[in-house]
Structures are given as structure tokens and as C-alpha cells.
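We name chains A, B, ... by the order of the sequence lines, and we start the count at 1 in each one. Values below: every heavy atom of this structure, side chains too, minus hydrogens, waters and symmetry copies.
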Amino acid sequence: MLLIPCPWCGPRPDSEFLCTGEARAPLCDAPWPGAGSPSVDATDAVTETSADAGTEAAAETVTGATTEAATWADRLWHRDNPRGLVRERWWHAHGCRLWLTVERDTTTHVIHSARGEPA
Amino acid sequence: MRHHVFQLIRQAWRGHRDWPRAWRRAEPAPRYDAVIVGGGGHGLACAWHLARDHGLRRIAVLEKGWIGGGNTGRNTTVIRSNYLREPSIRFQDESLRLWSTLSQDLNFNLMVSPRGQLEVIQTWGKLRDARRRLHLMRLLGADYELLDADEVYRRAPMLRRDAAMRLPVLAGAWQGRAGTVRHDAVVWAYARAASALGVDIIEGCEVTGIDLRAGAVGGVRTSRGPIACDALALAASGHTSHLAAMAGLRLPIETLNLQAFVSEPLKPMLDTVLTFPALLAYLSQSDKGELVIGGGADPQTSYAQRGNHAVLEDVAAAVVHMIPLLARVKLLRQWAGAIDVSLDTSPIVSDTPVRGLFVSAGWGSGGFKSIPVGGRSLAHWVAHGRADRWSEPFRLARFEGGRPWFETASASNRF
């Protein structure tokens with residue numbers, strides 16, 4: 001059982017919370033696909049990309065989709081899933097019902113910090 | 001050396017002193033045609049197929065620990081194909097077909113036991129889900145049938161049956177071709193067969209970096225030195241994100257703990273895999289008499305390979321509630337694996353934006369049963385640069401294209 005140090009309620013068992021996963025960039029300010037250039041449907045086209053730039057900055061991705069679609073897909077689907085420290089969002093569902101950002105080590109489960117702040 | 005009964009007799013006559021090593025303990029070479037990261041079932045199966053079916057000559061499997069020390073050695077050994085989504089049903093059904101002859105194909109006794117799976121349906125939602133799967137399975141030619149409650153109790157007489165049950169048994173679902181396989185044997189069988197075809201199996205070798213050249217794979221840096229390669233396949237389950245990040249990639253997977261427990265040995269009392277979908281618990285009985293018990297995944301991401309107590313309590317409570325005679329049976333061992341659950345709970349067998357880099361991941365709690373087809377499909381990617389028909393739906397591109405395959409019939413999710 002993890003004890004989550006809720007800033008308002010003190011250390012509480014993790015069963016009182018809902019963990020919604022790692023803190024991510026909000027979806028709402030990602031450009032909507034099709035707002036600029038036409039969004040291409042997923043095809044089998046394999047396009048060369050620069051691995052250094054990453055999927056976000058590449059003009060074309062392995063699917064042939066546009067940058068906006070790639071950004072949306074990245075925000076919606078991709079995760080860091082780190083082996084080590086992760087910044088997670090926890091909601092104190094059965095307590096104060098406020099949101100926390102928790103820094104936890106995924107190899108030891110040690111919680112380094114828990115702050116009541118936006119993601 | 002081929003395994004056969006005369007070999008067994010000859011070796012017994014000699015006091016079992018002359019059994020050779022099952023696979024070569026290889027030293028890493030500076031360069032390979034294909035490097036596979038992860039010495040579990042999928043990685044070793046991929047290596048065997050690359051050598052046997054595609055004629056690749058220089059293949060290495062790199063394993064940071066010992067082969068089969070990851071999820072292939074930690075699962076509850078169940079094989080089945082009663083999934084929800086059509087590509088998964090086709091994939092797993094083909095896997096069942098391969099499992100049925102794999103001991104002969106690999107010349108190694110895998111103890112494939114088609115003892116069937118009996119799902120005990122206790123809620124209307126799960127019954128609707130079972131009916132939907134029944135129709136799709138029947139359309140695809142897979143075996144699946146619904147049973148009434150009386151038939152469930154006839155096949156599993158030890159189940160609780162009383163008027164005060166909170167979730168009475170409504171029905172059952174049965175797949176006869178499902179069953180169990182000895183998980184460790186699968187690792188050793190593929191390793192032995194692959195090694196005999198020249199595959200280098202290198203243990204104690206952790207990948208610490210991936211070298212890229214103009215957007216393509218150049219090689220890997222490891223704890224045992226640099227290794228160049230043309231093709232790199234990641235088959236490292238829960239550690240896939242960690243490895244993919246070395247190539248600048250983020251993937252739609254999260255690593256969770258999936259626990260399993262084993263009881264003290266009991267006289268034979270269970271001749272099938274018994275599943276309680278509504279309670280997220282399932283069990284079977286091994287040939288040693290131990291009950292092998294599993295449940296749903298732990299809720300938070302973790303690489304610790306040990307589960308939390310809440311899930312252990314929930315699974316134990318579910319099992320004891322449904323099978324009251326187990327209330328005083330002791331649990332001998334508990335462990336967990338680091339499973340990579342994809343965000344649509346369907347597998348990812350795919351190329352990536354990095355040329356020459358292929359990934360087999362997102363298997364979640366279904367990795368073991370998928371080994372025969374998963375390894376073959378990954379090998380097809382490495383050898384031909386495109387998917388075979390079994391893995392075509394599971395490309396990474398489906399996420400970006402907005403076509404995920406959301407799955408319900410998996411222990412990884414808590415739908």
C-alpha cells in the first residue's frame with residue numbers, strides 16, 4: 001500500500017485516490033488536425049524522418065499524417081513511461097477531492113514529493 | 001542432440017551425466033544482421049524464425065538478465081483465443097494452432113495442456129460481453145460456447161452456490177482449445193532451437209544506448225560493449241519505453257505490475273482454467289498440484305516486479321469466496337512481472353519512425369499466449385520490412401490514424 005502525502009489531508013492510503021497517470025501537456029491547446037493543412041488518413045506509406053527531431057517536429061511521420069495529427073497523437077497516446085522518477089496526477093477521490101502532482105520512483109515506489117498544483 | 005525416448009534411455013543408463021548444454025553461451029560479436037533485445041519468449045521465437053524461415057545468418061538475442069527471467073517466467077501459463085476484437089481473435093487462434101504442434105516443431109516437451117477455459121459469468125454486463133464474443137468467435141471459426149449455470153456447476157462442483165451470494169453465477173463461457181503450457185520450457189525450447197541454427201544468445205548484456213545513423217539503426221551500446229546491426233527488434237515487454245527512448249521515441253504504453261500467486265500443492269481438484277471476469281481473478285492447477293492464481297494488474301505504473309497488497313487481498317478474497325474449500329490453503333509464492341499495457345490494450349507489432357527499428361510490445365497480460373505468432377510476426381517485420389497478415393492490424397500507426405483496437409477480454413484492463 002502506498003501512502004500518498006496529500007498536502008491538505010496528510011498521508012493517506014492510495015486506495016483513497018485515483019491515479020490518472022503521468023502528468024502530460026494538456027490536449028486543448030494542441031492544434032486541431034486540419035486547421036492548417038489537410039489531414040491525411042493513416043496509410044501504409046513509410047516516410048523517412050530524422051530520429052533526432054522526434055515524431056512531433058517531423059513534417060511527415062511513418063503514417064503519412066500531418067504535423068497536427070502527429071502532435072495530437074503524441075499528446076493523446078504517447079507516454080514517457082519512465083523507469084525511475086515519474087510526475088503523476090493523483091485525485092483524492094475519497095478525501096479532499098483535490099488534485100495532486102506526485103513525484104514517485106517507479107522502481108522503488110518511494111514518493112519524493114506531492115504538490116497541490118496544476119499539471 | 002534430438003530429444004527422443006531412446007536418448008532418455010541412453011542417458012539414464014549413463015546416470016544422466018552426458019546431457020549437453022541446451023544452448024550455446026555466446027560471446028557478443030562486433031556486428032550482426034539482426035539484434036533482438038529481450039531474451040524472453042517473443043525475442044527467442046523471433047530469433048528462431050529469422051534463422052529457420054528467413055535464412056538470416058548473424059542473429060543475436062541480448063538479455064540483460066537470464067533468458068526467461070522476465071515475464072515469460074512470471075506468467076500464469078494460460079493460452080486462449082477468446083478475445084473481443086477480431087484481429088486479436090484471429091491472432092490468438094493462430095497461436096493456439098501453433099501451440100498444438102510446437103513441442104514437435106521445437107523437439108522439446110512444452111507440456112501443452114488443452115484443458116480448456118471456463119469463464120464464470122456473474123454480471124449481466126459480462127454476459128453481454130460473452131455473447132458478443134461468442135458470435136464473433138463463431139463467425140471466425142473459433143470454438144466458444146455459452147453454458148447455463150447448472151452446467152457450470154457440473155463442471156466446477158467446488159464453486160460456491162448459495163442464495164445469499166452477492167453475485168450468483170448466471171452462466172458460463174467455455175473454450176475447449178484453451179489451456180496451459182509450461183512457461184519455462186517455452187524459453188528453453190526456443191533458445192535451444194535457435195542456438196542450434198546459429199543464433200547467439202548473450203545473457204548478462206544490457207542495452208544502454210541505441211546508435212542512429214541518418215534516421216536509421218546503426219547499432220547498440222551495451223554493458224558488454226558496442227554491437228553494430230542493420231536491424232534492431234525490441235522484445236523487452238515492460239522495458240520497451242525505456243529502450244525506445246534511446247532512439248528518441250515515445251510509445252503508447254505504460255508499464256504495470258501483474259501479480260501471480262502459487263498455493264501449496266493439493267490433490268487434483270481442478271482440471272481446467274477457471275476464470276471469474278467480474279471479480280478479476282482466475283486460477284488453474286499445475287501438474288505439481290499447486291494452484292496458479294492471477295488477477296488484474298496493479299493500478300499504478302511500476303517497474304518493481306512486486307505487487308501491492310491490495311490486489312493480493314482482492315484476488316485471494318475472490319478465490320476464497322467462490323471456492324470456499326480453499327479458505328485454509330496456504331499461498332507459497334507471490335511475484336509480479338512488469339507488463340507493458342498499450343493504451344488500447346491491444347498489442348503493438350510494428351515498424352517505427354526509425355528505419356530498421358522494430359518493436360513488439362503492448363502485450364500487457366497476453367504476452368505469453370502470443371509467443372508463437374508474435375515471434376513469427378516480428379521476424380517477418382525484420383526480414384521483410386512489412387507486416388504479415390496476423391500483425392498488420394497491430395501497427396503503431398493505428399494510434400496516429402485514430403483507429404485503436406480497444407480490447408475488453410484481457411486481465412490488463414479493469415473495464
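- Contact annotation for B:Asp340: neither backbone nor side-chain heavy atoms come within less than 4.5 Å of a heavy atom of chain A.
- Here OG of B:Ser241 is found 3.5 Å from CD1 of B:Ile253. Values are rounded to the nearest 0.5 Å.
- Contact tally against chain B (heavy-atom pairs below 4.5 Å) for A:Gly84, A:Pro82, A:Pro13: the top residue is A:Pro82.
- Neither the backbone nor the side chain of A:Asp105 comes within contact range of chain B; no heavy atoms are under 4.5 Å apart.
- Atom CD1 in B:Ile36 sits 12.5 Å away from atom NE2 in B:His42 (nearest 0.5 Å).
- Separation of atoms CD (A:Glu16) and NE2 (A:His94) is listed at 8.0 Å; rounding is to 0.5 Å.
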- Task: Step by step, work out the side chain to side chain donor-acceptor pair (under 3.5 Å) result for A:Arg104 and B:Thr301.
- Result: CA-CA 10 Å; A:Arg104 182 176 64 90; B:Thr301 58; 3.2 Å; yes
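- Interface check for chain A: of the options B:Gly238, B:Ala304, B:Ala387, B:Ala245, the most heavy-atom pairs under 4.5 Å are formed by B:Ala304.
- Only the side chain of A:Leu2 comes within contact range of chain B, with at least one heavy atom under 4.5 Å from a heavy atom of that chain.
- For the set A:Leu76, A:Thr108, A:Thr106, A:Asn81, the entry with the most heavy-atom pairs within less than 4.5 Å of chain B is A:Asn81.
- For B:Leu343, the parts lying under 4.5 angstrom from a heavy atom of chain A are both the backbone and the side chain.
- Two rings, from B:Trp405 and B:Phe91, have their centers 6.0 Å or more apart.
- Between A:Glu22 and A:Arg87 no salt bridge is recorded (no basic side-chain N to carboxylate O distance below 4.0 Å).
- Looking at A:Thr107, both its backbone and its side chain come within 4.5 Å of chain B, counting heavy atoms on both sides.
- For B:Arg386, no part sits under 4.5 Å from any heavy atom of chain A, backbone or side chain.
- By number of non-hydrogen pairs under 4.5 angstrom with chain A, the leading residue of B:Leu357, B:Asn308, B:Thr240, B:Thr255 is B:Thr255.
- Using a cut-off of 4.0 Å between Lys/Arg side-chain N and Asp/Glu carboxylate O, A:Arg24 and A:Asp80 are scored as not salt-bridged.
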